[in-house]
Participant: 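A single structure is presented below for examination.
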Amino acid sequence: MVTIAFKDLAKTNAAKRGMPLQRISFTPHPVWGKTDDEMYAYLEGNDPVSGKPLMKEVVASLTTPLTADEMKTGTVTPPTGAPTFTDTADNLQQYFLDNGMTDFMPIILPTQEKVDAMLKATSHKPDEVVGKMTPAQGAFPAWSYTVQHVAVNAVMAGAIPDYFPTILAIASTGISALFSSTNSLVSAAVINGPAREKLQMNYGIGAMGPFNQANAVIGRAWTLMSKNLDGGGVAGETYMGSQGNVINYNNLIIPENEKDSPWQPFHVQKGFKPEESVISFFFGFNITQGQGGKGLGMRPIPHYHEAMSANVGPFASLFGALFILDPLVAHGLGDLGFKTKDDIANWLVKNTTVTVKDVKTMLFSAPPRGPEAANLTDDSVIPKWPRADAYNFVVCGGQTNPYHQLANMSYRLSVSIDKWT
Amino acid sequence: MGIPSAPLVTKAFKDLAILNAAKRGMPHERICFTPHPVWGKTPEEVRAYVEGPDPVSGKPLMKEIVDALTVPLSDDEKKSGMLSVSVGPPTFTDTADNLQEFYLNNGYTDFLPIIIPTEEKVDAMMKGTSHKPEEAVGKMAAGAYPAWSYNVRQVAASAVMAGCKPEYFPIVLAVASSGMASLFSSTNSFAFAMIVNGPIRDTLEFNYGIGALGPFAQPNATIGRAWTILSKNLGNGGIPGDTYLGSLGNNLNYNNAVIAEHEDASPWVPFHVQRGFKKEENVVSLFRGLGVVPGQVARGSSANDNVQFDYQMSDLFSTFTGFFGALIIADPLVAARLKEQGYDTKEKLIDWLYKNTTQTVKDYKSRNYAYLFDYPRALRGDEPWASWYKMPDDALIPHFPHASDINIVVAGGQTNAYPQAGNLSYGVSVSIDKWM
Amino acid sequence: MNRRKLLSLLGMSPALLATTATEAQERKSATKNSPPPGRDKITAVNPKGTPPAIQLIPMAPRLDTLNGKTVYLVDTGFHGSDVLLHQIEAWFGRNMPSTTVVFRRKAGPYMDDDPALWKEIKAKGNAVIMAVGH
Amino acid sequence: MNRRKLLSLMGMSPVALAGIPALAEQAKKSDQTKKKGAASAGEPKLTVLNPRGLPPPITLIPMAPRLSTLDGKTVYLVSDGFPGADAFLNQVSIWFKKYMPNVTTVYRLKAGGFADDDPKLNAEIKEKGQAVIMAIGH
């Protein structure tokens with residue numbers, strides 16, 4: 001029995017798992033927040049899809065003999081269409097859009113000539129398998145793809161060949177930027193090393209906005225791949241975010257401003273050499289701006305650390321906190337005595353606290369478990385995140401104001417871009 | 001004023017200061033620069049700036065200031081008259097690939113592929129409106145700059161580039177006519193949102209269901225994108241260091257938050273009707289602010305209790321600036337539940353949220369926007385800030401100065417009872433029908 | 001970027017800015033990459049709006065000296081402007097004591113005008129130093 | 001959307017869905033580009049590459065044989081853990097008591113996250129139950 005909001009999802013998912021004709025009954029949506037009487041009324045009423053009495057249908061599902069189709073075994077390969085399409089440029093733009101192969105915005109048409117030019121930017125062979133991707137681990141089978149598949153998507157996003165190794169590195173992780181959940185989640189990538197200069201990425205004024213080709217296109221390629229390489233991003237089937245998220249268009253691409261940062265670059269923290277080009281992945285709820293926070297208006301020196309601590313207040317502890325600090329903030333924190341990223345992380349662990357009572361009211365924050373939890377009462381004050389590695393810091397921005405942004409996101413992994421050149 | 005003045009500017013704003021003086025008619029204004037920043041520096045550090053050199057000219061700063069006020073004017077500096085500004089020829093001719101690159105390299109795009117605005121396509125776009133190609137649409141400035149003007153044809157070129165269909169054009173024209181740019185010059189990295197109401201949501205197949213704010217429908221994607229492209233081309237916005245200064249930038253500036261209201265599933269009056277339009281009118285309403293955050297993470301969101309909406313929103317608002325308001329984007333499931341709890345109008349809910357989302361005066365005064373915007377208003381006697389600044393530290397005051405700073409819209413696919421909230425202020429509502 | 005380059009990016013006419021490279025910059029043509037042979041050329045519309053003409057404002061005549069004059073130091077309200085201007089006030093005290101220095105904070109947030117202050121300066125002051133930025 | 005339309009959008013081959021001719025037709029259609037009016041006359045045509053990855057083959061699973069009746073049988077009511085599923089299944093057990101009192105219902109919450117398998121519960125159901133009603137959604 002499935003609530004009607006998940007009708008398409010339930011049917012297609014049963015089919016993908018090998019039971020295209022599974023007998024599914026539907027109840028009205030939602031059941032969460034309804035009274036017992038209201039739910040019982042659902043049972044006495046009809047299945048909103050079939051229009052038949054709901055419980056009669058459930059009993060019949062379990063007792064009506066199977067048809068020949070329902071008993072079928074064997075293997076089916078879902079086709080994804082012809083390898084190439086031929087038409088006028090205008091018709092092809094429309095065809096790609098109508099068939100869900102785009103983000104509903106214009107693309108560069110992936111002609112063989114353009115795809116070949118893209119392929120020249122890597123030493124890897126066109127038919128080499130790059131990875132596997134699924135819109136949600138465990139819920140959908142993963143699709144695989146080759147260097148050439150990635151190149152086609154890179155062309156479509158507007159990439160020049162220089163960007164291709166970075167896009168291959170993204171594809172190699174198998175991380176979809178359009179994760180299927182009823183939460184409308186977002187993805188971010190931090191870029192470090194010489195690739196930032198080689199691709200002329202923007203880590204200055206407006207770094208996360210529409211002001212630079214590499215930032216824009218690499219982020220967009222990730223979303224196009226998340227639709228085309230794994231069958232993801234189909235609203236109601238492989239994408240269930242109730243409200244959606246604007247950031248899914250181009251994702252958060254954050255090249256670190258290494259030269260203006262007083263701290264170790266992010267990839268070096270993760271064990272890479274400064275001269276390596278690396279892309280690091282984050283995943284979580286969203287990003288917000290810090291300038292509303294308490295403490296920033298303190299005189300004469302803004303209390304950046306207090307604002308950062310206050311601003312994570314509404315964050316879910318399911319994911320961590322990623323701070324994107326303008327270089328002015330990083331230097332300002334230095335003036336306040338925080339000389340390394342670890343210094344500020346350790347201060348935040350100690351000083352960012354929450355009561356057990358509050359945690360219990362937060363849907364995606366779990367109260368502590370284990371032996372030490374036995375002594376806690378509702379009024380106990382506990383760290384929001386007990387571990388310093390829940391806090392991550394990247395320095396980025398054009399130094400026009402000492403502002404920070406912060407994301408309720410967790411670090412996932414870092415991969416070498418150089419490996420894909 | 002007729003009195004010699006020496007603008008003293010921190011180095012981060014060098015290009016901005018020079019260009020802005022020029023745009024306002026003083027291309028040779030004598031501007032002196034100090035190192036950046038002065039905010040957060042001690043008086044001793046700042047004294048060293050004063051005793052030291054201008055970081056741009058390398059000359060001693062104070063000598064330069066005195067010279068700026070006393071060295072006689074050159075002939076150029078005394079010039080008056082009109083100066084015209086060129087934006088290049090009316091058309092460009094080249095291969096499709098080269099034009100794609102040319103538009104990108106000249107800052108006409110958001111750095112993503114466009115539909116090349118050939119005369120044929122621009123003409124087809126203009127078939128989406130009854131208004132004449134040369135009719136003036138409006139004026140736009142990306143901040144405190146002289147505004148640029150534009151006609152229907154110029155708007156059409158940006159609409160084509162963004163990937164709009166001709167049917168979408170009246171909405172793009174309505175947005176352009178507001179004169180509100182989606183790229184605003186501030187060191188804050190502003191975000192923008194639009195709410196679309198009326199039957200056009202269905203005619204154009206807007207997505208107001210699952211994934212409403214995401215990349216899942218052509219009108220949502222391209223109309224939002226057109227706003228940014230036209231803000232660059234028609235309002236001269238989005239030039240980093242000149243007409244765009246957001247230190248970190250904002251990802252929402254690519255496509256903006258386009259919110260088609262889910263009117264059928266909402267228990268409340270649609271947003272445009274709240275603003276005095278008829279239900280059957282098509283209206284676009286524009287918002288500006290800092291961004292949008294998810295509500296299901298906050299305190300009070302737990303499944304174990306009944307969702308405590310006031311507690312949830314207080315928690316989200318605690319990080320919002322009170323300079324902008326709040327735009328709550330409620331999934332229809334959230335709206336239905338709130339109605340069951342007795343909030344049968346948006347106004348009732350807003351009034352209750354205004355009264356119940358509070359902060360202490362002490363916390364309030366520690367916020368940057370309070371010092372920067374509200375304190376000077378308090379000094380001038382403006383309310384409610386003047387009263388707030390007289391209250392004791394532990395007094396509770398509302399998070400937002402007025403109940404009208406809070407707005408509510410319903411959108412979403414009902415897969416979960418989650419709200420989102422934007423730190424966004426209402427700007428203006430414009431009739432789309434007027435531009436049909 | 002230097003001032004000439006900046007102004008030329010703005011599209012300011014070369015006649016006025018005699019020695020700038022404005023025109024050259026502006027005419028950077030669409031055909032900077034020569035098209036591969038056999039490719040069709042198409043014509044596309046310039047998407048730019050119409051900028052307003054700029055009315056040149058002659059700068060106010062300079063003083064021959066600041067000695068004996070009154071200089072207003074105007075704080076726009078940005079963070080740190082007050083600290084900076086108080087240091088400038090102190091500098092005048094040490095180095096040009098015959099100049100009278102008056103510190104004023106502009107009323108209202110930084111984007112608002114303050115006509116009362118402008119009137120006061122016009123009546124009582126001879127020069128202005130205004131701090132912008134933070 | 002109906003099931004046929006959905007399955008065809010995901011590219012299920014018509015052979016596997018025999019007896020559903022409309023599907024075969026739709027699957028074929030999606031391999032061709034749509035022609036949009038006469039606007040294209042005379043314009044040069046391009047050939048472009050398909051951007052889609054390789055989906056894994058799907059192994060068809062025959063559905064379990066049905067029971068002739070639920071009378072005297074044990075039906076497991078399984079919650080996947082989404083909020084509201086427990087309360088909802090409680091109402092289902094009340095319905096059975098009222099209308100089919102000969103059916104025994106057993107409520108169980110699946111262990112782990114909603115996407116996780118629960119082999120222990122599956123073993124228990126196989127041993128003691130004859131049918132399952134699973135609640136998904138919230």
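Chain letters run A, B, ... following the sequence lines, proteins first and then strands; every chain starts at 1.
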Participant: Looking at CG of A:Leu229 and CZ of D:Arg52, how far apart are the two atoms once the value is rounded to the nearest 0.5 Å?
Facilitator: 10.5 Å
Participant: Against chain D, label A:Ala89 side chain, backbone, both or neither, depending on which of its atoms sit under 4.5 Å from a heavy atom there.
Facilitator: both
Participant: Do you know the tightest heavy-atom contact between A:Trp143 and D:Pro55?
Facilitator: CE2-CB, 3.2 Å
Participant: Taking atom NZ as the centre, does D:Lys73 end up with more than 12 heavy-atom neighbours from other residues, nucleotides or ligands that are less than 6.0 angstrom away?
Facilitator: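 Result for NZ/D:Lys73: enclosed.
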Participant: Would you mind listing every side-chain hydrogen bond (donor to acceptor under 3.5 Å, both in side chains) that reaches into residues 103-112 of chain A, with sequence neighbours excluded?
Facilitator: A:Asp103-A:Arg220, A:Gln112-A:Asp116
Participant: Do A:Thr3 and D:Phe88 make a side-chain contact, defined as non-hydrogen atoms from C-beta onward lying under 4.5 Å apart?
Facilitator: no
Participant: To the nearest 0.5 Å, what is the distance between CG on D:Leu54 and OH on A:Tyr145?
Facilitator: 10.5 Å
Participant: Write out, in numerical order, the residues from residues 94-102 of chain D with a heavy atom short of 4.5 Å from a heavy atom in chain A.
Facilitator: D:Ile94, D:Trp95, D:Phe96, D:Lys98, D:Tyr99, D:Met100
Participant: Counting heavy-atom pairs under 4.5 Å with chain D, which one of A:Glu38, A:Met55, A:Glu44, A:Glu70 comes out on top?
Facilitator: A:Met55
Participant: Side chain, backbone, both or neither: which part of A:Ala142 has a heavy atom under 4.5 Å from chain D?
Facilitator: backbone
Participant: Chain D heavy atoms under 4.5 Å from A:Pro110: which part of the residue, side chain, backbone, both or neither?
Facilitator: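 Both the backbone and the side chain of A:Pro110 come within 4.5 Å of chain D.
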Participant: Quick check for you: to the nearest 0.5 Å, what is the distance between A:Leu43 atom CG and D:Leu89 atom CG?
Facilitator: 9.0 Å
Participant: Flag the one option from A:Asp37, A:Val234, A:Val49, A:Thr64 with the top tally of heavy-atom pairs under 4.5 Å to chain D.
Facilitator: A:Thr64
Participant: To check you understand the geometry: which heavy-atom pair defines the closest contact between D:Asn50 and A:His149, and what is its length?
Facilitator: O-CD2, 4.4 Å
Participant: Measure distances from A:Tyr40 to the heavy atoms of chain D and classify the residue's part below 4.5 Å as side chain, backbone, both or neither.
Facilitator: both
Participant: Per the side-chain contact (heavy atoms from CB on, under 4.5 Å) rule, which among A:Leu109, A:Val115, A:Val155 passes with D:Leu49?
Facilitator: A:Val115
Participant: What part of A:Val2 is in contact with chain D, defined as an atom under 4.5 angstrom from a non-hydrogen atom: side chain, backbone, both or neither?
Facilitator: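 Backbone plus side chain of A:Val2, per the 4.5 Å heavy-atom cut-off to chain D.
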Participant: How many angstroms lie between atom CG of A:Leu62 and atom CD of D:Gln130, to the nearest 0.5 angstrom?
Facilitator: 11.0 Å
Participant: Which pair of heavy atoms, one from A:Leu21 and one from D:Met63, lies closest together, and at what distance?
Facilitator: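 Heavy-atom minimum between the residues: O-SD, 3.8 Å.
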Participant: What residue in A:Gly74, A:Pro30, A:Pro141, A:Ala68 has the most heavy-atom pairs under 4.5 Å with chain D?
Facilitator: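 Option with the top pair count is A:Gly74.
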Participant: A:Thr182 versus chain D, heavy atoms under 4.5 Å apart: side chain, backbone, both or neither?
Facilitator: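 The answer is the side chain of A:Thr182.
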Participant: D:Pro51 and A:Met156: which non-hydrogen atoms are nearest, and at how many Å?
Facilitator: CB-SD, 3.5 Å
Participant: Determine the option with the most heavy-atom pairs under 4.5 angstrom with chain D, choosing from A:Asp230, A:Val129, A:Asn153, A:Asp36.
Facilitator: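 The answer is A:Asp36.
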Participant: Could you tell me which portion of D:Val92 (side chain, backbone, both or neither) has an atom closer than 4.5 angstrom to a non-hydrogen atom of chain A?
Facilitator: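 Both the backbone and the side chain of D:Val92 come within 4.5 Å of chain A.
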Participant: Under a 4.5 Å heavy-atom cut-off, does chain D meet the side chain of A:Thr73, its backbone, both or neither?
Facilitator: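 Backbone plus side chain of A:Thr73, per the 4.5 Å heavy-atom cut-off to chain D.
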Participant: Select one option (side chain, backbone, both, neither) describing which atoms of D:Pro65 are under 4.5 Å from chain A's heavy atoms.
Facilitator: backbone
Participant: To the nearest 0.5 Å, tell me how far D:Gln91 CD sits from A:Thr27 OG1.
Facilitator: 12.5 Å
Participant: Can you see which heavy atom on D:Ala87 is nearest to which on A:Met39, and at what distance?
Facilitator: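 What the structure gives for the nearest pair is CB-CE, 3.3 Å.
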Participant: State, to 0.1 Å, how close A:Leu66 and D:Ala64 come at their nearest heavy-atom pair, and which atoms those are.
Facilitator: CD1-O, 3.4 Å
